[in-house]
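Step one of this worksheet: look at the structure below.
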Protein chains: 2
Amino acid sequence: MSADTLSPVAMLCLAILFNGERTGYEIKKESLEGRHRWFVDASYGSIYPALARLAHGELVTVREEVQSGRPSRKVYSITATGRATLLDSLAQPAGPDVYRSRFLLLSTFAPRLPRHVIEEAINERKAGLRYEIASIRAAMADADRDGDPHCEALEWAAAYGENCLGAHLEFLETHGDRLIAMAQTDIADAAE
Amino acid sequence: MSADTLSPVAMLCLAILFNGERTGYEIKKESLEGRHRWFVDASYGSIYPALARLAHGELVTVREEVQSGRPSRKVYSITATGRATLLDSLAQPAGPDVYRSRFLLLSTFAPRLPRHVIEEAINERKAGLRYEIASIRAAMADADRDGDPHCEALEWAAAYGENCLGAHLEFLETHGDRLIAMAQTDIADAAE
DNA sequence: TGATCCATGTAAGCCGTTACATGATTGG
DNA sequence: CCAATCATGTAACGGCTTACATGGATCA
């Protein structure tokens with residue numbers, strides 16, 4: 001039906017607009033904080049042009065709201081065609097999920113690196129994981145409050161995230177010390 | 001010490017060359033199959049130029065081997081500077097690991113999509129995870145055979161991978177059916 | 001008073017992928 | 001005989017990030 005494939009950023013915009021109208025600014029924020037963080041990260045430089053293209057293709061409509069004291073905002077809404085196109089695009093087979101880990105590269109070089117480097121890397125990673133798990137819970141609380149109709153599916157995805165991130169965290173908590181033990185002891189720790 | 005930061009592809013090349021000399025062709029293969037798959041994916045179009053730049057900066061040396069009947073190969077070896085630069089670059093703080101999942105986006109739309117789409121997505125994902133877990137084990141077997149000096153750290157990273165990918169797989173095996181149940185029953189399944 | 005939020009957009013540039021060019025050898 | 005493997009490289013194109021441009025309102 002729809003021949004042209006959507007770019008990842010376009011899919012992100014449509015997915016967010018599926019839940020209600022938003023401005024480009026709001027989409028950017030939601031893509032960083034909300035439940036779509038797992039998909040792609042996008043900046044203004046990719047969102048605004050994508051939104052313009054979507055409007056041109058009539059997958060979304062725009063309404064300009066002039067505000068007093070604030071810059072006027074362009075509120076985008078998804079159209080029926082937009083919904084259909086997103087769903088269609090989602091149904092298309094896609095490449096596998098991507099996990100790219102600089103941390104794992106670092107870990108394989110642990111025996112060659114000073115201990116504090118490994119320790120810091122593990123601590124940062126743990127902190128990052130804890131933050132992500134916390135924000136999944138926060139996003140779920142938001143969805144509950146909004147009485148979101150997709151709630152079931154959302155909860156499933158959240159549980160998936162919590163489960164998997166939890167596994168990462170638990171591994172680090174249980175086995176992190178072993179990696180630290182492999183690293184070089186910091187003899188003279190004064191160097192830059 | 002080394003001011004200029006290494007590009008991800010350059011780090012990948014140096015990391016692979018750390019274990020011994022390789023050609024660009026071999027690096028490409030190893031980046032897809034070997035234990036560095038978790039870091040970045042690189043194509044010839046990025047590896048060859050990166051190698052040339054590294055040679056220019058004397059982080060690697062080249063030796064050209066003319067072969068009879070085959071195209072001549074350029075064998076790259078890492079230099080002492082190269083090793084130091086990689087280790088230095090690795091010790092530098094870096095952004096968090098990245099997980100980008102089209103599958104999770106799809107899952108949040110399960111109630112709006114035909115059941116077979118969700119079923120196929122889950123099956124593909126399971127197959128992908130099983131394949132990745134299998135290749136971790138294969139890579140470890142290789143490392144054991146090679147008597148790799150980093151073996152401990154390698155085993156740690158492999159265990160990390162197995163643990164986390166295992167968590168993904170187990171979640172899908174336990175809760176996949178619930179997501180499928182949320183999807184639209186395929187009434188008329190004949191359509192393209 | 002200075003940072004941060006709101007709000008939209010453009011332009012330059014980087015980094016990387018895809019596709020192309022070339023070509024002998026080996027295996028099914 | 002056709003496909004894949006080995007092997008190196010370039011050129012074009014694409015997509016996304018960064019930085020810039022603009023500017024009032026609010027908050028500390």
Side-chain angles (χ1 to χ4, degrees), chain A residues 4-14 16-17 21-33 36-37 39-57 60-76 89 94-96 98 100 102, chain B residues 4-13 16-17 21-33 36-37 39-56 60-76 89 94-96 98 100 102:
Chain A
D4 35 37
T5 324
L6 294 170
S7 76
V9 177
M11 285 181 71
L12 172 78
C13 291
L14 290 179
I16 291 178
L17 292 174
E21 44 179 44
R22 299 276 192 288
T23 66
Y25 188 82
E26 288 166 342
I27 288 174
K28 164 81 194 296
K29 273 187 67 181
E30 226 173 296
S31 76
L32 292 178
E33 298 160 10
H36 295 99
R37 192 162 16 94
F39 181 47
V40 270
D41 29 23
S43 58
Y44 294 129
S46 55
I47 289 173
Y48 285 123
L51 246 16
R53 275 194 296 273
L54 289 171
H56 183 81
V60 301
T61 56
V62 207
R63 168 170 46 87
E64 196 155 357
E65 268 180 19
V66 182
Q67 298 179 120
S68 61
R70 297 203 162 281
S72 59
R73 56 212 308 267
K74 288 187 176 177
V75 184
Y76 292 88
S89 188
V98 169
R100 286 294 102 102
R102 163 126 180 213
Chain B
D4 34 38
T5 324
L6 294 169
S7 76
V9 177
M11 287 183 70
L12 171 78
C13 291
I16 290 178
L17 292 175
E21 43 179 45
R22 298 276 193 288
T23 66
Y25 188 83
E26 288 166 342
I27 289 174
K28 164 82 194 295
K29 270 187 70 181
E30 225 173 298
S31 77
L32 292 178
E33 297 159 11
H36 295 100
R37 191 160 18 94
F39 182 45
V40 268
D41 29 22
S43 57
Y44 294 128
S46 54
I47 289 174
Y48 286 123
L51 246 16
R53 276 193 296 274
L54 289 171
H56 184 82
V60 301
T61 55
V62 206
R63 168 171 47 87
E64 194 155 357
E65 267 180 18
V66 183
Q67 300 180 117
S68 62
R70 296 204 161 282
S72 58
R73 56 213 308 265
K74 288 187 174 178
V75 184
Y76 292 89
S89 188
V98 169
R100 287 293 102 102
R102 162 125 181 214

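First the proteins, then the strands, lettered A, B, ... as listed; each starts at 1.
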Calculate the interatomic distance between A:Leu6 atom CG and D:dC16 atom P; express it in whole Å.
12 Å
Exercise: identify the closest heavy-atom pair between B:Ile47 and B:Ala42:
CG1-CB, 3.8 Å
Separation of D:dC16 P from B:Arg100 CZ (nearest whole Å)
13 Å
Return the CZ to CZ distance between B:Arg22 and B:Arg73, rounded to the nearest 0.5 Å.
10.5 Å
For B:Val9 and B:Ser46, work out which heavy atoms get closest and say how close.
CG1-O, 3.7 Å
Verify the contact: side-chain N or O of B:Lys28 to OP1 or OP2 of D:dC6, cut-off strictly under 4.0 Å; return yes or no.
no
Measure the distance from CG on B:Leu51 to C1' on D:dT8 and round it to the nearest whole Å.
11 Å
Heavy-atom nearest pair, B:Lys74 first then B:Glu64, reads CE-OE1, 4.0 Å
Round to a whole Å and report the spacing from CZ of A:Phe39 to C1' of D:dC16.
14 Å
From B:Ile16 CD1 over to B:Lys28 NZ, what is the distance, rounded to the nearest 0.5 angstrom?
11.5 Å
Provide, to the nearest angstrom, the distance between the CG atom belonging to B:Leu32 and the C1' atom belonging to C:dG16.
14 Å
Base-paired stretches in DNA chain D with three or more consecutive Watson-Crick or G-U pairs, both distances under 3.5 Å, amount to C:1-28 with D:1-28
Grab the N/O contacts between the protein and nucleotides 17-19 of chain C below 3.5 Å, and write none if there aren't any.
residue: C:dT17; atom: OP1; partner: B:Asp41; partner atom: O; Å: 2.6
residue: C:dT17; atom: OP2; partner: B:Ser43; partner atom: N; Å: 3.3
residue: C:dT17; atom: OP2; partner: B:Ser43; partner atom: OG; Å: 2.9
residue: C:dT17; atom: OP2; partner: B:Ser46; partner atom: OG; Å: 3.1

Whole-Å distance separating the CD atom of B:Glu64 from the C1' atom of D:dG9
12 Å
Could I get a table of every N or O pair under 3.5 Å where one atom is in the protein and the other is in nucleotides 20-23 of chain D?
none

What I'd like to find out is whether the side chain of A:Arg102 reaches to under 4.5 Å of the side chain of B:Val98, using heavy atoms alone.
no
Phosphate contact (D:dC6 OP1 or OP2) by B:Tyr25 side-chain N/O below 4.0 Å:
yes
Check whether any side-chain nitrogen or oxygen of B:Tyr48 sits under 4.0 Å from OP1 or OP2 of D:dG9, and answer yes or no.
no
Any non-hydrogen side-chain atom of A:Val40 less than 4.5 Å from a side-chain atom of A:Ser31?
no
Of the non-hydrogen atoms in A:Tyr76 and A:Leu17, which two are nearest, and what is the gap between them?
O-CD2, 3.4 Å
Atom of A:Tyr25, atom of A:Tyr48 and distance for their closest heavy-atom approach
N-OH, 3.6 Å
Does any part of the side chain of A:Val75, heavy atoms only, come nearer than 4.5 Å to the side chain of A:Glu26, both counted from C-beta?
no
Just how far, in rounded Å, is P of D:dA7 from CD of B:Glu21?
13 Å
Working for side-chain contact (heavy atoms from CB on, under 4.5 Å), residues A:Leu51 and A:Ile27
CA-CA 10 Å; A:Leu51 246 16; A:Ile27 288 174; 4.1 Å; yes
Length of the line joining B:Arg22:CZ and D:dA7:C1', which is rounded to integer Å
16 Å
Which heavy atom of A:Pro49 sits nearest a heavy atom of A:Tyr44, and at what distance?
CD-O, 3.7 Å
Kindly say if B:Ser7 contacts the phosphate of C:dC15, meaning a side-chain N or O under 4.0 Å from OP1 or OP2.
no
Using a heavy-atom cut-off of 4.0 Å across all strands, would you classify B:Pro8 as base, sugar-phosphate, or nothing?
sugar-phosphate
